[in-house]
Chemist: 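Dropping a structure here in structure tokens format, bear with me for questions.
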Amino acid sequence: MSQVNLLPPELRQRQVSRRLTSLIVAAGLAVLALIGGFYFLQTQRLSDAQGDVEAQQARNADLTAQISELQQYADLQAELRAKEALVAGLYVNEVSWSGALLDVSRVIPDASYLQNLTGQLTATGALTGEVPTTTCGTPETTLIGNMTFSGVAQGTETIADWLVRLEQVKGWVNAWVSSAQENGPFSQIYTFSNGLDLTQEAATERGQGQVSP
């Protein structure tokens with residue numbers, strides 16, 4: 001048996017329009033619900049990220065405060081190192097003059113005696129305010145100062161022997177005679193002046209940097 005729809009066409013069209021409107025409204029509500037959910041999730045993530053940023057900023061602030069507290073110790077350490085370098089520079093090429101006098105007493109010939117002895121060192125960076133530089137020479141060749149002598153000797157052979165003996169001392173090199181004058185005709189007694197150069201080998205162990213000041 002066939003069914004016959006007795007509703008007017010206008011009423012059927014309205015029903016179709018209502019169903020379509022309901023579907024559109026439902027779809028719109030669903031889309032709004034999805035947008036709302038997505039917005040909520042994004043807001044949550046943004047809030048979490050903001051919390052992480054604030055926590056990191058707080059940690060950074062703590063680290064900055066700790067660094068500021070430790071900076072004074074870093075400054076003190078730098079000052080200590082500078083003072084240690086200054087002290088070490090003061091002892092560069094240090095020579096034991098008491099030891100030098102002992103060496104002189106050991107090598108001076110019996111037929112002579114000294115009237116004057118002078119020792120002089122080349123100024124180091126610590127004394128001049130300059131930064132000490134490393135030389136290209138060796139301890140055997142790098143000169144750090146000199147010594148000069150004046151005295152009296154019997155015969156020129158004694159003076160020559162004196163020069164030879166001086167260079168037998170470690171770190172004493174280039175012995176020379178400045179003058180030698182006989183005190184009287186045929187007296188064989190000479191007043192002489194001479195000197196020598198000092199190398200780094202003449203310095204103390206501290207002066208050579210082998211031990212701490």
Chemist: Measuring from Q57:CD to R59:CZ, what's the distance to the nearest 0.5 Å?
Modeler: 10.5 Å
Chemist: Please tabulate, for side-chain N and O atoms in residues 28-49, each donor-acceptor pair with protein atoms closer than 3.5 Å (sequence neighbours left out).
Modeler:
from : atom 1 : to  : atom 2 : distance (Å)
Q42  : OE1    : R45 : NH1    : 3.3
T43  : OG1    : Y39 : O      : 2.7

Chemist: Considering only heavy atoms from C-beta outward, does the side chain of W176 approach that of D197 to under 4.5 Å?
Modeler: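 Yes, close enough: below the 4.5 Å cut-off.
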Chemist: Could you list the residues that satisfy side chain to side chain contact (heavy atoms under 4.5 Å, CB included) with R106, not counting sequence neighbours?
Modeler: L102, D103
Chemist: Within the structure provided, determine whether T199 and I144 are in side-chain contact (heavy-atom separation under 4.5 Å).
Modeler: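 With C-beta onward as the side chain, the pair stays apart.
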Chemist: Grab the two heavy atoms, one from A153 and one from T158, that are nearest each other, plus how far apart they are.
Modeler: CB-CG2, 3.9 Å
Chemist: Between Q56 and N60, is a side-chain hydrogen bond (donor to acceptor under 3.5 Å, both in side chains) present by the stated rule, with each step listed?
Modeler: CA-CA 6 Å; Q56 185 61 48; N60 292 344; 3.0 Å; yes
Chemist: When you look at CG of D110, are more than 12 heavy atoms from neighbouring residues, nucleotides or ligands closer to it than 6.0 Å?
Modeler: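 Atom CG in D110 is not crowded, with 12 or fewer foreign heavy atoms closer than 6.0 Å.
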Chemist: Where do S187 and N183 come nearest, in terms of heavy atoms and distance?
Modeler: OG-N, 3.9 Å
Chemist: Can you tell me if E94 has over 12 outside heavy atoms packed within less than 6.0 Å of its CD?
Modeler: yes
Chemist: Going by heavy atoms in the side chains, are V104 and L117 under 4.5 Å from each other?
Modeler: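 Yes. Closest side-chain heavy atoms under 4.5 Å.
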Chemist: Do Y190 and E182 come close enough that some side-chain heavy atom pair is under 4.5 Å?
Modeler: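 Touching, per the 4.5 Å side-chain cut-off.
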Chemist: Under 4.5 Å between side-chain heavy atoms, hopping through other hydrophobics if needed: is there a path connecting V95 to L114?
Modeler: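 As far as the 4.5 Å side-chain criterion goes, L114 and V95 are connected within one cluster.
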Chemist: Give me the atom names and distance for the closest heavy-atom approach of Y113 to I108.
Modeler: CA-CD1, 3.9 Å
Chemist: Is there a side-chain contact between T122 and L143, using heavy atoms and a 4.5 Å cut-off?
Modeler: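 No, side chains not in contact.
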Chemist: Should M147 and L198 count as side-chain neighbours, where that means a heavy-atom distance under 4.5 Å?
Modeler: yes
Chemist: Would you say S178 and N194 make side-chain contact, with heavy atoms under 4.5 Å?
Modeler: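 SC-SC contact between S178 and N194 ruled out.
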Chemist: Can you tell me how far CZ of F192 sits from OG of S150, rounded to the nearest 0.5 angstrom?
Modeler: 7.5 Å
Chemist: Quick one: OG1 on T64 to CD on E69, what's the gap to the nearest 0.5 Å?
Modeler: 11.0 Å
Chemist: When the ring planes of F149 and W162 are compared, do they come out parallel, tilted or perpendicular, using 30° and 60° as the limits?
Modeler: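 Perpendicular, since the angle between the ring planes exceeds 60°.
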Chemist: Begin from the C-alpha positions of Q181 and T191 and carry the test side-chain hydrogen bond (donor to acceptor under 3.5 Å, both in side chains) through to its verdict.
Modeler: CA-CA 5 Å; Q181 184 175 359; T191 299; over 6 Å; no
Chemist: Do N146 and T148 have side chains that approach each other closer than 4.5 Å (heavy atoms only, starting at C-beta)?
Modeler: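 N146 reaches T148 side chain to side chain.
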Chemist: Closest heavy-atom contact between V177 and I159?
Modeler: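 Nearest pair, atom of V177 first, then I159: CG2-CG2, 4.0 Å.
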Chemist: Got a second to check how far Q168's CD is from L163's CG, nearest 0.5 Å?
Modeler: 11.5 Å
Chemist: Counting only N and O atoms by type, is there a donor-acceptor contact under 3.5 Å from the side chain of Q115 to the main-chain atoms of V152?
Modeler: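 Checked: no pair found.
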Chemist: Nearest 0.5 Å, please: how far is CD in E205 from OG in S96?
Modeler: 11.5 Å
Chemist: Tell me if a side-chain donor or acceptor on Q208 pairs with a main-chain N or O of A203 at a distance below 3.5 Å.
Modeler: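 Yes; at least one donor-acceptor contact below 3.5 Å.
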Chemist: What's the shortest heavy-atom distance between W97 and Q120, and which atoms?
Modeler: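 Taking W97 first and Q120 second, the nearest heavy atoms are CH2-N, 3.8 Å.
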